[in-house]
Amino acid sequence: MIKAIIIDDEEKSRVTLNNLISKHCENITVIEHCQSVAEGVKSISKNNPDLVFLDIEMPFENGFTLFEKIKNPSFQIIFTTAYDQYAIKAIKYSALDYLLKPVDVDDLKNAVKKCEAKSKAEPNRSDDIEMLLSALKLKSKSAKIAVPTFEGLQMISANEIVKCIADESYTHITLADGSKLVVSRILKEFEELLSDLNFLRIHNSSLINLSHVKKYVKGDGGYVIMSDNETVEVSRRKKNELLQRLTLVHL
């Protein structure tokens, strides 16, 4: 049996989620409801839960502050939130799970199944939480993100990234110093995370940092020459958007 707690400032939301869990997730027992992060921290310390349902938007603080107080969470986490585009980008990137309010039963079941599988394969969530917190701070080109490599996590800033190239379920990242990383994340996750920071997906397999474009060469779609002197093909459907964005970059 999975022990769970719910952290949410709204009683109605806590009760609704509890009822859905009781009805549709027979292997989960909700052992406590908490109405603030402070209460949640105490409950986690006391009950050692397997799973925490954590609301993001709460008065005077958000759910992410929980991880300032609990550094190495051993429990699985499912965030609950009204639509917050930037937060959801960060959650997706860090391979954590979330539920949009009002909670859909099928989404709840799927999130719980994922957490069960992850609990067996990855009992400690520290790396995912570090990736989440760094992604949430990525609001300027100097901010750093935690990138999962084969050796562990590497911190890199957005302006160091020249391009990201898809390779099935992996992404190859080229940095300004010429070094390259192989990351176990699909390209779409980097596109969602970096699209507000002057990055553009110019081809199915290519995401580039527009600040590192040296030259655009005309053609059907054409291609760009990046600061590492390598070329990247541009798809026809992305050509106009690229040219518009490059004009803005160099104004």
Side-chain angles (χ1 to χ4, degrees), residues 64 67 71-73 76-79 85-98 111 114-115 117-214 223-235 238 242 245:
F64 300 125
F67 306 110
K71 298 296 184 182
N72 296 297
Q76 300 295 309
I77 306 135
I78 297 177
F79 293 98
Q85 186 177 11
Y86 195 81
I88 289 174
K89 283 183 183 180
I91 293 167
K92 284 181 178 178
Y93 170 72
S94 57
L96 294 163
D97 292 290
Y98 69 95
K114 287 181 187 176
C115 283
K118 288 177 184 175
S119 182
K120 296 173 184 176
E122 309 165 37
N124 192 295
R125 310 305 291 158
S126 298
D127 284 356
D128 291 339
I129 295 301
E130 186 171 348
M131 288 172 62
L132 169 66
L133 296 178
S134 66
L136 286 167
K137 295 174 184 175
L138 195 65
K139 294 182 178 178
S140 72
K141 296 174 190 175
S142 61
K144 293 189 174 183
I145 58 171
V147 173
T149 66
F150 294 125
E151 292 80 24
L153 292 180
Q154 182 164 334
M155 304 300 296
I156 59 175
S157 60
N159 60 358
E160 292 176 22
I161 300 172
V162 176
K163 62 181 182 292
C164 304
I165 305 297
D167 181 11
E168 296 183 346
S169 59
Y170 294 91
T171 298
H172 295 259
I173 299 177
T174 300
L175 301 180
D177 64 4
S179 61
K180 297 185 179 183
L181 305 173
V182 180
V183 182
S184 56
R185 288 287 184 274
I186 61 173
L187 186 62
K188 183 172 177 58
E189 294 175 12
F190 285 101
E191 179 186 15
E192 291 177 342
L193 188 67
L194 297 169
S195 60
D196 295 332
L197 295 174
N198 208 32
F199 283 73
L200 178 65
R201 190 164 181 171
I202 61 171
H203 192 277
N204 242 7
S205 60
S206 309
L207 175 72
I208 65 168
N209 185 340
L210 297 175
S211 299
H212 282 276
V213 175
K214 290 174 63 176
Y223 62 89
V224 291
I225 301 173
M226 303 301 293
S227 60
D228 60 355
N229 292 317
E230 293 188 1
T231 62
V232 183
E233 183 183 354
V234 181
S235 70
K238 283 291 187 176
L242 171 66
R245 294 282 297 275

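Count residues from 1 along the sequence.
Taken to the nearest 0.5 Å, the CG atom of Asp128 stands 5.0 Å off from the CG atom of Leu96. To the nearest 0.5 Å, atoms OG1 (Thr231) and NZ (Lys163) are separated by 8.5 Å. A distance of 8.0 Å separates OG of Ser134 from CG of Leu153, quoted to the nearest 0.5 Å. In this structure, the separation between CG on Leu207 and CD on Glu189 is 12.5 Å, given to the nearest 0.5 Å. If you take CG on Asp167 and CG on Leu187, they are separated by 11.0 Å, rounding to the nearest 0.5 Å. Rounded to the nearest 0.5 Å, atoms CG (Asp228) and OG (Ser179) are 11.0 Å apart.
Under the 3.5 Å distance criterion, the side-chain polar atoms of Ser94 are matched with a main-chain donor or acceptor of Ala90. Between the side chain of Thr171 and the backbone N or O of Arg185, at least one donor-acceptor pair lies under 3.5 Å. When atom types are taken as modelled, the side chain of Thr174 and the backbone of Val162 share no donor-acceptor pair closer than 3.5 angstrom. Panel note: side chain Lys214, backbone Ile225; no donor-acceptor pair is recorded below 3.5 Å.
Pairing each heavy atom of Glu230 with each of Lys180, the nearest pair is OE2-NZ, 3.5 Å. The two residues Met226 and Ile208 have their closest heavy-atom pair at CE-CB, 3.8 Å. Residue Tyr223 comes nearest to Val234 through the heavy atom pair CA-CG2, 3.8 Å, listed as atom of the first residue, atom of the second, then distance. Between Asn209 and Asn159, the shortest heavy-atom distance links the atoms ND2-CA, 4.0 Å. Contact between Leu136 and Ala87 at its shortest, heavy atoms only, is CD2-CA, 4.1 Å. Of all non-hydrogen atoms in Ser195 and Arg245, the two that sit nearest each other are O-NH2, 4.3 Å.
Within the 4.5 Å cutoff, the side chain of Ile77 has heavy atoms near those of the Ile129 side chain. Contact check for Val183 versus Pro148: side-chain heavy atoms found under the 4.5 Å cut-off. Under the 4.5 Å side-chain criterion, counting only non-hydrogen atoms from C-beta, Tyr93 is in contact with Val147.
Residues passing the ring-ring contact (aromatic ring centres under 6.0 Å, His included) test with Phe67: none are found, sequence neighbours excluded. Every residue two or more places apart in sequence or in another chain that forms a side-chain hydrogen bond (donor to acceptor under 3.5 Å, both in side chains) with Ser227 is listed here: His212. Evaluation of the side-chain contact (heavy atoms from CB on, under 4.5 Å) rule for Tyr98 yields Phe79, Ile88, Ile91, Lys92, Leu100 as partners, not counting sequence neighbours.
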Under the side chain to side chain contact (heavy atoms under 4.5 Å, CB included) rule, what do Phe190 and Ile161 come out as? Steps first, then yes or no, please. CA-CA 11 Å; Phe190 285 101; Ile161 300 172; 5.8 Å; no

